[in-house]
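Heads up: the structure comes next, in structure tokens.
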Amino acid sequence: MTLVNRALQSGDAYLAAAVYAAAGAPQRKTLSALLFATAKRKRQFGAAIYAPGAVLDVLASDSDPKVRLRVARNPAAPTAALARLAEPEPSPEMAAAIASHANTGPGILERLARSSDRSVRLALCGNRNTPPAVLQQLLADGDLAEMKAAAANPSADADILTALWAGGDLYVRAEVAAHAAASEAILREALSSGEPIIRRKVAANPALDTASLETLLDDPVGAVRAAAVRNLVPGGQAADELAGDPCFQVRRAEARHAGLKPDVARRLSADRDAWVRRWLARNPATPGDVLERLAADGELEVRRGVGRNSASPAALVRQLAQDPAAWVRAGIALRDDVAEDILLTLGQEDDPDVLSAVGRNVRTPESLLIRIAQHHDADVRRSVVLNRAAPREALRLLAEDPYPLNRAMLARHGNLSVSDLEPMLGDPEPQVRFTAASALIKRANTN
Amino acid sequence: MKILVPVKQIGVVDEDFELRGDGKDVDPDFLNFEANEWDDYSYEAALQIMEAADGVEVVPVTVGPDDAEDVLRRCLAKGGERGIRVWDDALEDASPAAIVQVLAKVVEKEQPDMVFTGTLSSDRSYAQTGVGLAAALGWPHAAVITGIEWKPGDPKATLLRELEGGLVEQLSVNCPVVLTIQLGINTPRYASLRGVKQAKEKPVEDLSLADLGLSGDDLAAAGGSFRVRRMYKPETGQAELIEGTPAEQAARLVEIINELKGAA
């Protein structure tokens, strides 16, 4: 029996939703009767983020304004559906939803700009699809909130930003200072601003040159120095004295910087702030001797950081696999490069964090995955579902897992066969049936 | 030995809901129905006692229309062999006092040794069913229970309650007793697929008010200590996310206070 026929015969609206896009025109008509049988069901699918575009497309023409509004607010709504919802004259609520939607096309946004409704104008100012010319038109009489939204909009061009810099308040100017398209003149003015928020924002501007960032490293405000450190490109030479900066935000930013220098790392490794040491432990630029010191840190999150660091040497990984804290050993079990004997040892434990990590590791042998798939803890069992390399033999054990979320996630796994997926179409949980049907359709389309 | 567990199908309000024509409740078309979360815990507590001893029967009971049978099947999928559903059109919009009258009659009919209810239902939050039922039966009760030590046949149960400040209160109570169970007392199980299939075949006894020797007039007489006059959504203010460093946030807060004072 085809999936479409199965959906029709079972009367299952979730199956119908999953197969709708794949059905031919005559079948769609019958499926529609099932899918859109009640106003409540239409509202439900209209708001469902999982609803296929074809279903949302139909609902965009529904006579019930509540259904249409839900489609407009649904992040999955297709561009064509949004265009239809914008015709002929949408309510302010509907217009605001369309104006803020990431899938709305520039033409529709331009038309909505005629609205005088504040929420519509504000949404348009913040929508990255709004063309610069439309932004300019809106800002001709824009209020401060609209100006701030436009200043943070990636589609704002240099002219718009210059106007906002001249006419905005402190917070608008701060957004302009952080904008990658801000002019050189604005950046220069921001660098010497007396307002810390302006200097902090400009320090985070991706277009700011290294020399300017290095100037900001001497800023009297710690948050500004920290933003400058975060923005320094890898290889940028941050000053050694940053390791002794009185502001913890600066030291944390330095500890995670890709261009971290060995001497700075050594000084930071004794930092009293645990987050500094934690970032250092995770940084692949941290030298081996520092990692070794951090592997003996009293904070377990620091030791776990070393265990998760891709640059940690094998001997250190082996040492941390015997750490007294299960959370640290779990970090080791998540590594793609961990030795099989370590995985097998960790797989004998009963700690849920360790076992879940072993279950997710693509290198874990099938026999161990089969054991984990039968664990009493539903969260541990789910780790096998999350393992993209898990073999079918282990996955099949989860097909009747009592926890519905595990079954729903299982239905998405690429290593299940069609014969494993088919029984899931009769699962008591709608989410499982929908996911299984979607997976079967995807496979049919790729074969 | 029998434990009766009243369970409830609750209405969860949909987004953009509408109120009923009389303005006293949400239009049912904008409600999604599901099992009350507290009842998962009370049913699990009963199942754990059943599984730890021989000869214990756990019976879920609900007061609700046809589709409320789902919550009973959901319970039976986890354990228990039969359920009871009571319904009559006169029970539409019934007050907690009326529900208590119905459940008291079910207790009279079933003669359980214990009754476990959830502390409250998340749709109405009256938290009256268990306490009111104990009063109607003349049984002792204890509310918001987070631990039970009791074996079938014990004349007293030892109970735990969590109080403010991390304190735990231990108390003992004579049985039979009505307990209202708090979230977190246990970890409710999920029903196996086999359990879900088997539950479809388990008997659910449908009872009317007449079957219990009650009438709509009895319920009206039970009345209640309150009545709903209207339901509405209060107007809400506009929130602002204050950004920046602590110093910048403080500066903005001062601005807002000045604006509200009219000083800006």
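Proteins come first, then strands; the chains are lettered A, B, ... in the order of their sequence lines, and each starts at number 1. Any value given below was found using the heavy atoms of this structure, including those in side chains, with hydrogens, waters and symmetry copies removed.
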Proximity breakdown for Leu69(A) and chain B, heavy-atom pairs closer than 4.5 Å
side chain
According to ring pair (Phe, Tyr, Trp, His ring centres under 6.0 Å), who are the partners of Phe116(B), at least two apart in sequence or on a separate chain?
none
Is the backbone N or O of Val176(A) less than 3.5 Å from a side-chain atom of Lys201(A), with the two atoms forming a donor-acceptor pair by type?
no
Quick check: does any side chain N or O of Glu201(B) sit under 3.5 Å from a backbone N or O of Gln198(B), one acting as donor and the other as acceptor?
no
Toward chain B, the part of Arg73(A) with a non-hydrogen atom under 4.5 Å:
side chain
Decide if atom NZ of Lys151(B) counts as having more than 12 heavy atoms of other residues, nucleotides or ligands within a radius under 6.0 Å.
no
Mind ranking Glu400(A), Arg70(A), Lys66(A) by heavy-atom pairs under 4.5 Å with chain B and telling me who comes out on top?
Arg70(A)
Write down the atom of Arg407(A), the atom of Ala399(A), and the distance for their closest heavy-atom approach.
CD-O, 3.4 Å
Side chain, backbone, both or neither: which part of Arg252(B) has an atom under 4.5 Å from a heavy atom of chain A?
both
Shortest non-hydrogen pair, Gly126(A) vs Asn153(A), comes out as C-ND2, 3.6 Å
Pull out the residues in residues 372-381 of chain A that come under 4.5 Å of chain B, heavy atom to heavy atom, sorted by number.
none
If you count heavy-atom pairs under 4.5 Å with chain B, which of Leu170(A), Thr38(A), Ile197(A) comes out on top?
Ile197(A)
Just wondering, more than 12 heavy atoms not from Asp67(B) lying within 6.0 Å of its CG?
yes
In terms of the angle between their ring planes, are Tyr403(A) and Tyr190(B) parallel, tilted or perpendicular, with boundaries placed at 30° and 60°?
tilted
Measure across Trp275(A) and Arg252(A) and return the closest heavy-atom pair with its distance rounded to 0.1 Å.
CB-NE, 3.3 Å
Leu91(B) backbone acceptor or donor facing Asp88(B) side chain under 3.5 Å:
no
Write out, in numerical order, the residues from residues 22-52 of chain B with a heavy atom short of 4.5 Å from a heavy atom in chain A.
Pro28(B), Asp29(B), Phe30(B), Leu31(B), Asn32(B), Phe33(B)
How would you list, by chain and number, every residue that makes a ring pair (Phe, Tyr, Trp, His ring centres under 6.0 Å) with Phe248(A), sequence neighbours excluded?
none
May I ask you to say whether Asp143(A) pairs ionically with Arg118(A), meaning some side-chain N is under 4.0 Å from a carboxylate O?
yes
